[in-house]
Amino acid sequence: MAKNLITREEDYSKWYNDLVVKSGLAENSSVRGCMVIKPYGYAIWEKMQAQLDKMFKETGHQNAYFPLFVPKSLFEAEEKNAEGFAKECAIVTHYRLETDPDNPKKLRVDPKAKLEEELIIRPTSEAIIWNTYKNWIQSYRDLPILINQWANVVRWEMRPRLFLRTTEFLWQEGHTAHQTEDEAMQEALMINSIYAEFAEKHMSMPVIQGIKSENERFAGAEETFCIEALMQDGKALQAGTSHFLGQNFAKAFDVKFTNKEGKLNYVWATSWGVSSRLMGALIMTHSDDKGLVLPPKLAPIQVVIVPIYNGEQELDSISKIAEDIQSKLIKLGVSVKYDNRDTLRPGAKFAQHELQGVPIRIAIGPKDLENNSAEISRRDLLTKEIIDMGDLVEHIDKLLSDIQENLFKKALKFREDHITQVESFDEFEEVLNKKGGFISAHWDGTNETENKIKEKTQATIRCIPNNSSSSKGKCVYSGKPSNQRVIFAKAY
RNA sequence: CGGGAUGUGGCGUAGUCCGGUUAGCGCACACGGCUGGGGGCCGUGGGGUCACAGGUUCAAAUCCUGUCAUCCCGACCA
């Protein structure tokens, strides 16, 4: 397991924090619970966005944008929504500042500028969006509505952590409206599969697809589907959710349509989202003691070329070769940086690129000029090999997909090694405390049992996995009959 | 919101208990040189209202009071 990245022996959260900051992804902002996403981190986020956006569009969705502010009355309209997020909202109460009469150097809120109705800064956009859809939907001809929004939201969480839980975060939220229950359900399921595919194919992060228990379900949803990933410290991370909302929101916001038979019906709805938390998931899934490890498909720089030279003449001859390789790789769609900075020595560059997780490094020096070769180093295994210049481009191309695949396999093995089937509560507690990870156990299906287990162990039901074959058994806690194993874990 | 801790150049810190030279060190930074196949070396230099406000004192980074901020642990969550 990756630890002690920056020479100090600290706990995992310190390690994680240091890694995020030192690799240049992000840093804490002076604003409470917020972070600054630095260019390198944002570049990764943009790659995630681009891929997800493509997948949404391929399945018929469009992007739109809705207001940041939600009038309080609208927020109230969906009672369960208020239940879910009311505790953690930022609220705009005034619209003007003025010079403080007691201290001319300071500003104060102008008490005369109090808003008639407070504006909630969206913790999620259901309220504002459904209030808008109401006006868009009259007939079955207006359906389905398949809209996604890329936005920021604010939740006043008690304990923020870089990427995993920041006060303000970036996400996409899809909100769809359908004629039939079945269509909405299919939508929610399909999106969850898109999330899973994205996580596994692009992030190289294995996930378990499943359904949330009632306790963990989104307030206002009839069913919540999720993808759950396992981090290297043995804790689970919910990486994405997709909700079948039934007609709850349609009823709350009075969204009806006339069907083909001329009858008035409430629409069926879904909502779904993934957030900048995925960045945290990516970091915690693959990183090691030397820093980030990025899957090639999301790495802003896939290949870096480092020249090793003594004197300008040598640099010139290396540069010629390096630039030739660079342009050939770019033609193949590979992003390549030629790191010819004269301000750092090669060793320092190596360390820096490793910290930043660049998947492949090519080093070219005097020896290579002589032998017509280059030294290739892969970030995931930290191995080096000498490759003949003629085979280089082809080799790199193949190596990138190898690395992508290897990262997935490695993470998958880690996860498989950390799914433990338990048969008794003693075993449950022992595995949880000594080994961590996912625990597969029988559960009687009641909230009560789930809550008791959470109280005693901090572990929650992460999901009821889709593809677990139903096997009869006895609940690990209550001993009552159970039809299926579910996945428990401590979660972020 | 409860419990614990911490605020000293950009970062990490010593000094605080027991007040007393010019607030020390490492990294980073700048300049010069030697260097260059894994975080190089030597020399020189710049950078600090010691979180903020008030108080005690001949004297405060150090003691007292208050405020603010951050971090960790819990409950909450994408």
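Reminder, nothing fancy here: chain letters follow the sequence lines and each chain counts from 1.
A salt bridge does not link A:Glu354 with A:Arg379: none of the charged nitrogens is closer than 4.0 Å to a carboxylate oxygen. Using a 4.0 Å cut-off between a side-chain N of Lys or Arg and a carboxylate O of Asp or Glu, A:Asp324 and A:Lys328 qualify as a salt bridge. Between A:Arg122 and A:Glu173 there is no salt bridge, since none of the side-chain N atoms of the basic residue sits less than 4.0 Å from a carboxylate O of the acidic one. Between A:Arg378 and A:Asp380, at least one side-chain nitrogen of the basic residue sits less than 4.0 Å from a carboxylate oxygen of the acidic one, meeting the salt-bridge criterion. Under 4.0 Å is where a charged nitrogen must lie from a carboxylate oxygen, and between A:Lys290 and A:Asp288 no such pair does.
Atom CD in A:Glu228 sits roughly 13 Å away from atom P in B:rC77 (whole-Å rounding). Per the geometry, CE belonging to A:Met35 stands 17 Å off C1' belonging to B:rC71, to the nearest Å. One atom, CD of A:Gln352, and another, P of B:rA28, lie 12 Å apart when rounded to the nearest Å. Straight-line distance from the CG atom of A:Leu237 to the P atom of B:rC76: 16 Å, rounded to whole Å. Counting to the nearest Å, the P atom of B:rG38 and the CZ atom of A:Arg378 are 21 Å from each other.
Take the nearest nucleotide of RNA chain B for A:Phe169 and for A:Gln458: the residue whose nucleotide is more 5' is A:Gln458. For the pair A:Leu170 and A:Pro160, nearest-nucleotide mapping onto RNA chain B gives the more 5' position to A:Pro160.
Using a 4.0 Å cut-off, no side-chain N or O of A:Gln172 falls inside it from OP1 or OP2 of B:rA78. Side-chain nitrogen and oxygen atoms of A:Arg345 include at least one within less than 4.0 Å of the OP1 or OP2 phosphate oxygen of B:rG40. Put simply, A:Lys454 has a side-chain N or O that comes within less than 4.0 Å of OP1 or OP2 on B:rC76.
Evaluated for a ring-ring contact (aromatic ring centres under 6.0 Å, His included) with A:Trp272, the options A:Phe225, A:Phe56, A:Phe218, A:Trp171 yield exactly one hit, A:Phe56. Among A:Asn433, A:Thr457, A:Ile439, A:Thr460, the single residue meeting the side-chain contact (heavy atoms from CB on, under 4.5 Å) criterion with A:Lys490 is A:Asn433.
Within 4.0 Å (heavy atoms only), A:Glu354 reaches at least one base atom of the nucleic acid. If you check every strand for non-hydrogen atoms under 4.0 Å, A:Arg161 touches nothing. A:Lys384 comes within contact range of at least one nucleobase, with a heavy-atom separation under 4.0 Å. Backbone-only contact: A:Gln238 has heavy atoms under 4.0 Å from sugar-phosphate atoms and none from a base. Using a 4.0 Å heavy-atom cutoff across all strands shown, A:Asn17 reaches sugar-phosphate atoms only and no base atom. When heavy atoms are screened at a 4.0 angstrom cut-off, A:Ser242 is found touching no nucleic acid atom at all. Residue contacts for A:Glu375: at a heavy-atom cut-off of 4.0 Å it reaches a base atom on one of the strands shown.
Among all heavy-atom pairs drawn from A:Thr166 and A:Arg161, the shortest one is CG2-O, 3.6 Å.
A donor-acceptor contact under 3.5 angstrom links the side-chain atoms of A:Arg165 to the base of B:rC77.
Annotation: proximity of residues 269-282 of chain A to RNA chain B (heavy atom, distance under 4.0 Å) is found for A:Ser275, A:Arg277, numbered in ascending order.
Of the candidates B:rG37, B:rG38, B:rG36, the closest approach to any side-chain atom of A:Lys290 belongs to B:rG38. The side chain of A:Asp342 approaches B:rG36 more closely than any other nucleotide in the set B:rG36, B:rA78, B:rG37.
Spacing of C1' atoms, B:rC64 relative to B:rC17, comes out at 15 Å, to the nearest Å. Atom name C1', nucleotides B:rG39 and B:rU62: the rounded distance is 38 Å, in whole Å. Comparing the P positions of B:rU22 and B:rA61 gives an interatomic distance of 12 Å, to the nearest angstrom. Look at the C1' atom in both B:rG19 and B:rA59: the space between them is 8 Å, to the nearest Å.
Evaluation of the salt bridge (Lys or Arg N to Asp or Glu O under 4.0 Å) rule for A:Asp391 yields no partner, not counting sequence neighbours.
A stacking contact between A:Tyr309 and B:rG36 is absent: the pair does not combine a ring-centre distance of less than 5.5 Å to the base's six-membered ring with planes differing by less than 30°.
The aromatic rings of A:Tyr133 and A:Trp130 lie perpendicular to each other, with more than 60° between the two planes, well past the 30° mark.
Environment of NZ in A:Lys435: crowded, with over 12 heavy atoms of neighbouring residues, nucleotides or ligands closer than 6.0 Å.
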Reading nucleotides 3-10 of chain B from the 5' end, what letters show protein touch, with B for base, S for backbone sugar-phosphate only, - for no heavy atom under 4.0 Å?
-> --------

